[in-house]
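These notes concern the structure reproduced below.
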Amino acid sequence: DTARQVSDMSEFRKVFSKAKHIAIITGAGVSAESGVPTFRGEHEKWRKWQSQDLASPEAFSRTPSRVWEFYHYRRELALNRKPSAAHLAIAECEARLKKQGRSVVVITQCTDDLHRQAGSKHLLKIHGSLMETRCVSCGHVAVNKRSPICAALKDKGAPDADVADAQIPVDKLPRCGERDCRGLLRPNVVFFGETMDSHILTKVEEQMETCDLCLVVGTSSIVYPAAMFGPQIASRGVPVAEFNTNTTPKTEYFTFHFQGPCGTTLPQALA
Ligand code: BJW
Ligand code: ZN
C-alpha cells in the first residue's frame with residue numbers, strides 16, 4: 001500500500017523547520033549511490049560468503065587471509081568512490097543549521113569514509129572504519145589508507161564466486177609497525193558478536209536522548225544494537241523519518257517513510 005508507505009513531504013518539512021537537534025542514523029544504503037555495495041542485497045555475496053561469514057572474530061582467527069582479502073577489496077573500492085548526493089545533502093544541512101544554532105549529528109554504521117569526505121563534522125562511527133587497523137597483540141589503532149595495504153594483498157580480493165582463496169601466510173598479512181611488536185593487524189571494525197566502543201555508545205545515547213527529530217537512512221534495521229536506535233527515539237514521542245528504497249522491519253514504528261533512493265529524497269527533505 002504505497003499511500004501508507006509514502007509520507008507527506010510537506011508535513012515532514014514542517015517538523016524539520018522546527019527541529020533544533022537532528023540525529024541522522026545511516027547505513028550502507030547511504031553509500032549505495034556512490035557505488036559501494038550494501039550488505040544484504042540479493043547479489044551481495046563476496047565469493048560464496050555473506051557478511052556474517054566474514055565479519056566475525058571466528059572467521060578472522062580461522063581464516064585471516066580470506067577475511068583480509070575481503071577487507072582489502074572493500075578498502076580499495078571505498079578509496080575510489082566519491083560522496084553521493086545523500087552524503088552531500090547531510091553535510092550541507094549540518095553546516096547550514098549550525099549557523100542558526102541548530103545541530104545535526106550523523107550516527108553511521110558505514111565503515112567507509114564518505115560522510116567525512118562530504119564534510120560532515122559531527123560524526124559517530126559506531127561500526128569502526130575500513131581505513132583504520134588495530135593490532136591484535138598490542139591494541140594499537142592507526143589510520144591506514146595505503147593501497148595496497150601490504151604487498152601480498154596486491155591484486156587479491158576479487159569478489160567473483162569462482163576465485164580461490166589466496167591463502168597468504170599470516171606473516172605476510174598486514175603487521176604492526178609499533179616498535180618491535182610485529183603483531184597481526186585486523187581492520188578496526190566491529191565484527192558480529194563484538195561490542196561497540198563504550199565511549200561512542202555513550203555519545204550515541206546522549207544524542208538519542210536530546211534529539212527532537214531523527215532520520216533513519218539506508219539501513220535494513222536488522223543488525224543490533226543500531227536497529228533499535230530509531231524505534232527507541234520514536235518511543236519518546238520524537239518524530240522519526242525513514243528514507244529507504246524498501247520498507248524494513250522497523251518502518252511501522254516511524255512517523256514518516258520516504259521510499260526511494262536517498263540521493264533523491266534527502267536533498268528534497270533537507271533543502
Ligand atoms: C537504500 C538505497 C538507496 C539501498 N537509498 N536506501 C539482538 C537481537 C538479535 C541479534 C542480536 C541482538 N543483539 C546482538 C545481536 C547479534 C548481532 C546482530 O544484530 N545480528 C543480526 C544479523 C540479527 N549483533 C552484533 O553482533 C553486534 N554486537 C553486539 O550486539 O554486541 C553485544 C552482544 C554480543 C554478543 C551477543 C549478544 C550481544 C555487532 C554488530 C556489528 C555489525 N558489523 C557489520 C560489519 C562492520 C564492518 C564492515 O564494514 O565490514 O556492520 S555487519 C554489517 O551490517 C555492517 C553494517 O554496518 C551492518 C548493517 O547493515 P546496513 O548498513 O543496514 O546495510 P544493509 O545492506 O543491511 O541494508 C542496506 C539498506 O539500504 C537496505 O534496507 C536497502 O533497502 C537500503 N538501500 N540502496 C536508500 N539508494
Ligand atoms: Zn602491535
Side-chain angles (χ1 to χ4, degrees), residues 25-46 49-60 67-68 70-75 77-78 84-87 89 107-114 125-142 174-198 201 215-230 241-251 257-267 269:
I25 298 163
T26 68
V30 79
S31 296
E33 291 159 71
S34 292
V36 178
T38 60
F39 290 93
R40 291 171 186 82
E42 252 170 72
H43 308 287
E44 277 152 352
K45 283 190 174 173
W46 179 86
W49 297 285
Q50 293 175 331
S51 58
Q52 278 97 322
D53 308 321
L54 298 159
S56 79
E58 294 77 21
F60 187 71
V67 173
W68 258 122
F70 171 64
Y71 278 96
H72 169 63
Y73 166 70
R74 302 210 7 248
R75 281 167 53 89
L77 199 136
S84 69
H87 295 110
I107 300 167
T108 189
Q109 298 168 78
C110 297
T111 52
D112 61 47
D113 197 35
L114 295 171
K125 292 181 71 99
I126 63 170
H127 288 166
S129 171
L130 287 177
M131 304 308 162
E132 288 176 10
T133 56
R134 185 165 86 237
C135 176
V136 300
S137 300
C138 75
H140 185 255
V141 171
R175 309 297 301 199
C176 183
E178 282 301 287
R179 301 213 165 76
D180 42 15
C181 176
R182 294 280 304 146
L184 177 63
L185 296 179
R186 57 166 277 179
N188 191 32
V189 298
V190 181
F191 288 148
F192 281 105
E194 295 182 329
T195 51
M196 293 165 21
D197 183 302
S198 66
L201 201 48
L215 279 60
V216 178
V217 181
T219 176
S220 58
S221 286
I222 64 165
V223 173
Y224 286 81
M228 70 185 192
F229 294 166
E242 182 175 54
F243 296 78
N244 200 301
T245 45
N246 273 300
T247 54
T248 73
K250 303 302 186 201
T251 302
H257 174 82
F258 297 108
Q259 195 151 343
C262 59
T264 305
T265 54
L266 270 188

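When a ligand or atom number is given, it counts from 1 through the structure's own listing order. Note that the structure is a prediction, hence the values are computed from the model and not measured.
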Can you tell if the side chain of [X] reaches within under 4.5 Å of the side chain of [Y], non-hydrogen atoms only?
{"X": "Lys125", "Y": "Thr111", "answer": "no"}
{"X": "Leu54", "Y": "Arg74", "answer": "no"}
{"X": "Val223", "Y": "Phe39", "answer": "no"}

Within the structure, does [X] bring an N/O atom to less than 3.5 angstrom of an N/O atom in ligand 1?
{"X": "Ser51", "answer": "no"}
{"X": "Gly218", "answer": "yes"}
{"X": "Ala28", "answer": "yes"}
{"X": "Gln52", "answer": "no"}
{"X": "Ser221", "answer": "no"}

Show which atoms of ligand 1 fall inside a sub-4.0 Å distance from at least one heavy-atom site of [X].
{"X": "Pro225", "result": "30 (O)"}
{"X": "Gly27", "result": "62 (O)"}
{"X": "Thr195", "result": "31 (O), 32 (C)"}

Discussion item. So does Asn188 get a backbone contact from the side chain of Glu132, meaning a donor-acceptor N/O pair under 3.5 Å?
Written reply: no
Item to complete: Without swapping roles, check the side chain of Trp46 against the backbone of Tyr71 for a donor-acceptor pair under 3.5 Å.
Response: no
Quick one: pull up [atom1] in [X] and [atom2] in [Y] and give me the separation to the nearest 0.5 Å.
{"X": "Thr219", "Y": "Ile107", "atom1": "OG1", "atom2": "CD1", "result": "12.0 Å"}
{"X": "Leu130", "Y": "His72", "atom1": "CG", "atom2": "NE2", "result": "12.5 Å"}
{"X": "Arg175", "Y": "Leu184", "atom1": "CZ", "atom2": "CG", "result": "5.0 Å"}

For [atom], state which one of [options] supplies the nearest heavy atom.
{"atom": "atom 55 (C) of ligand 1", "options": "Phe39, Phe70, Tyr71", "result": "Phe39"}
{"atom": "atom 78 (N) of ligand 1", "options": "Ala85, Ala32, Ser56", "result": "Ala32"}
{"atom": "atom 59 (C) of ligand 1", "options": "His127, Gln109, Glu44", "result": "Gln109"}
{"atom": "atom 52 (S) of ligand 1", "options": "Phe258, Phe243, Phe192", "result": "Phe192"}
{"atom": "atom 47 (C) of ligand 1", "options": "Val189, Val217, Val216, Asn246", "result": "Val189"}
{"atom": "atom 72 (C) of ligand 1", "options": "Thr38, Asn244, Val30, Thr248", "result": "Asn244"}
{"atom": "atom 45 (C) of ligand 1", "options": "Val190, Val223, Val67", "result": "Val190"}

Item to complete: Output all residues satisfying side-chain hydrogen bond (donor to acceptor under 3.5 Å, both in side chains) with Ser31, sequence neighbours left out; order by chain, then residue number.
Response: His87, Asp112
Quick one: nearest non-hydrogen protein atom to [atom], plus distance?
{"atom": "atom 28 (N) of ligand 1", "value": "Glu194 O, 2.7 Å"}
{"atom": "atom 63 (O) of ligand 1", "value": "Thr219 OG1, 2.7 Å"}
{"atom": "atom 15 (C) of ligand 1", "value": "Tyr224 CB, 4.3 Å"}
{"atom": "atom 26 (O) of ligand 1", "value": "Gly193 N, 2.6 Å"}
{"atom": "atom 80 (N) of ligand 1", "value": "Glu33 OE2, 2.7 Å"}

Worksheet item: Just to confirm, does any protein heavy atom lie below 4.0 Å from atom 1 (C) of ligand 1?
Response: yes
Worksheet item: Ignoring water, what protein N, O or S atoms are under 2.8 Å from the Zn ion (ligand 2)?
Response: Cys135 SG, Cys138 SG, Cys176 SG, Cys181 SG
Worksheet entry | Positive for side chain to side chain contact (heavy atoms under 4.5 Å, CB included) with Leu114, one of Thr26, Val30, Val36 | Val36
Worksheet item: Does Arg74 come within less than 4.0 angstrom of ligand 1, counting non-hydrogen atoms of the residue?
Response: yes
Discussion item. Test side chain to side chain contact (heavy atoms under 4.5 Å, CB included) on Gln52 and Arg40; report intermediate values, then the result.
Written reply: CA-CA 10 Å; Gln52 278 97 322; Arg40 291 171 186 82; 4.2 Å; yes
